[in-house]
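Just so you know, these numbers use all the heavy atoms, side chains as well, and skip hydrogens, waters and symmetry mates. All ligand and atom numbering here is 1-based and tracks the order in the structure. This structure is a prediction, so every number in the text was calculated from the model and none was measured.
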Amino acid sequence: MSEHKDTHEDAAAFALSRRTAIGLAAGAAVAVSVPAQEAAAQVGPLRVKPAQTLTIRPAINGRRMTVEIDPRTSLLDLLRERLGLTGAKKGCDHGQCGACTVHVDGHRVVSCLTLAAKTDGKQVRTIEGLSRGNTLHPMQQAFIDHDALQCGYCTPGQIMAAVACVAEGHATDRATIREYMSGNICRCGAYPGIVAAIEDAAAKMGRG
Ligand code: FES
Ligand code: FES
């Protein structure tokens, strides 16, 4: 009987501590104690309110802006969800595909693994900021000329990585281009066109 009672008490304590933890995680100032049936009826998305916000001032495609963010926000989510710049794509969200590649202070980064907070005061360039008015960047034009895409999902990341690849001096030959573009995956297998486009654009950009 006492063993039975202990088991009940253990279960009750566990349920309470679990609810307490959820309550705290949700930003509640005090521990929440909810009857089990009531708690079950409240199942729904857990909305976690940030404990604090951060104000940052990056220059996005040459335009300085002030943005208040949750400190945990990725650069990719800031661009896509807050600023409406949907050129950079969310492929894996784990730094493995390169679809989200943008430039920060001229260097390529995977924006899904870059905290937006790290871009405070920096220059961020996305595919939307690459052309000059109606004149495409030589890399954009070369991708068109060499048919370097099929579905196009990876293309903004490929182009941003390719521009950086040339600027880094890594577009010297096909093997080197392949090596330094290896972080950008193309599920359609448009690699021959991509490499040809980079060779072509590198010559026009006076690099490589
Ligand atoms: Fe960032 Fe795949 S979405 S690397
Ligand atoms: Fe389809 Fe690259 S063009 S994933």
Side-chain angles (χ1 to χ4, degrees), residues 48 50 54 56 58-61 65 67 69-120 122-131 136-168 170-171 173-202 204-205 208:
V48 179
L54 199 63
I56 59 171
I60 313 282
N61 295 326
M65 52 182 71
V67 206
I69 58 165
D70 178 330
R72 300 164 296 183
T73 305
S74 72
L75 175 56
L76 181 59
D77 283 344
L78 172 66
L79 294 171
R80 290 183 59 85
E81 310 299 333
R82 296 282 307 280
L83 304 180
L85 296 170
T86 55
K89 298 290 183 281
K90 187 177 279 190
C92 63
D93 209 18
H94 282 83
Q96 293 172 349
C97 74
C100 63
T101 304
V102 299
H103 298 172
V104 175
D105 281 354
H107 301 288
R108 52 176 149 173
V109 300
V110 281
S111 57
C112 67
L113 291 189
T114 303
L115 282 172
K118 298 278 282 182
T119 65
D120 184 27
K122 301 199 169 168
Q123 298 282 339
V124 176
R125 185 153 72 150
T126 72
I127 191 75
E128 289 91 343
L130 205 54
S131 63
L136 293 179
H137 186 282
M139 192 63 74
Q140 291 173 304
Q141 189 60 54
F143 267 63
I144 294 169
D145 295 343
H146 291 272
D147 209 12
L149 61 140
Q150 283 186 41
C151 77
Y153 196 81
C154 73
T155 309
Q158 297 279 4
I159 290 176
M160 295 310 285
V163 169
C165 179
V166 173
E168 293 158 8
H170 292 139
D173 56 77
R174 292 192 164 206
T176 311
I177 290 171
R178 286 184 185 279
E179 172 71 22
Y180 282 90
M181 289 296 292
S182 60
N184 288 74
I185 309 300
C186 176
R187 291 295 297 272
C188 299
Y191 297 113
I194 291 170
V195 174
I198 295 173
E199 273 192 311
D200 185 5
K204 289 176 179 146
M205 291 163 69

Supply the atom-to-atom distance [X] [atom1] to [Y] [atom2], rounded to the nearest 0.5 angstrom.
X	Y	atom1	atom2	value
Glu199	Lys204	CD	NZ	12.0 Å
Ile60	Arg125	CD1	CZ	13.0 Å
His94	Leu113	NE2	CG	8.5 Å
Arg80	Ser111	CZ	OG	9.0 Å

Looking at ligand 2, does Ala190 have a heavy atom less than 4.0 Å from it?
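Checking ligand 2 against Ala190, which is what was asked, there is no heavy-atom contact under 4.0 Å.
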Quickly, which of Leu78, Asp120, Thr119, Leu75 forms a side chain to side chain contact (heavy atoms under 4.5 Å, CB included) with Ile69? Name it, please.
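By the side chain to side chain contact (heavy atoms under 4.5 Å, CB included) criterion, Ile69 pairs with just one of Leu78, Asp120, Thr119, Leu75: Leu78.
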Can you tell me if Thr73 and Asp70 form a side-chain donor-acceptor pair at under 3.5 Å?
no
Please output the side-chain donor-acceptor pairs of residues 95-104 that fall under 3.5 Å, not counting sequence neighbours, one pair per line with the distance.
from	atom 1	to	atom 2	distance (Å)
Thr101	OG1	Gly98	O	2.6
His103	NE2	Met160	O	2.7

Please write down residue, atom name and distance for the protein heavy atom closest to atom 4 (S) of ligand 2.
Arg187 N, 3.3 Å
Considering non-hydrogen atoms of the protein only, which is the closest contact for atom 3 (S) of ligand 2, and what is the distance?
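For atom 3 (S) of ligand 2, the nearest protein heavy atom comes out as Gln150 N, 3.2 Å.
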Quick check on atom 2 (Fe) of ligand 2: does Cys186 put an N/O/S atom closer than 2.8 Å to it?
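Coordinating: yes.
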Could you tell me, atom by atom, which parts of ligand 2 come under 4.0 Å of a heavy atom of Cys154?
2 (Fe), 3 (S), 4 (S)
With a cut-off of 4.0 Å, which atoms of ligand 2 are near a heavy atom of Gly152?
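What qualifies from ligand 2 is 1 (Fe), 3 (S).
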Under 2.8 Å from atom 1 (Fe) of ligand 1, protein N/O/S atoms total 2
Write down the atom of Ala171, the atom of Ile177, and the distance for their closest heavy-atom approach.
CA-CG1, 3.6 Å
Is it the case that the side chain of Asn184 and the backbone of Cys154 share a donor-acceptor pair, with hydrogens and angles ignored and the cut-off at 3.5 Å?
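Checked: no pair found.
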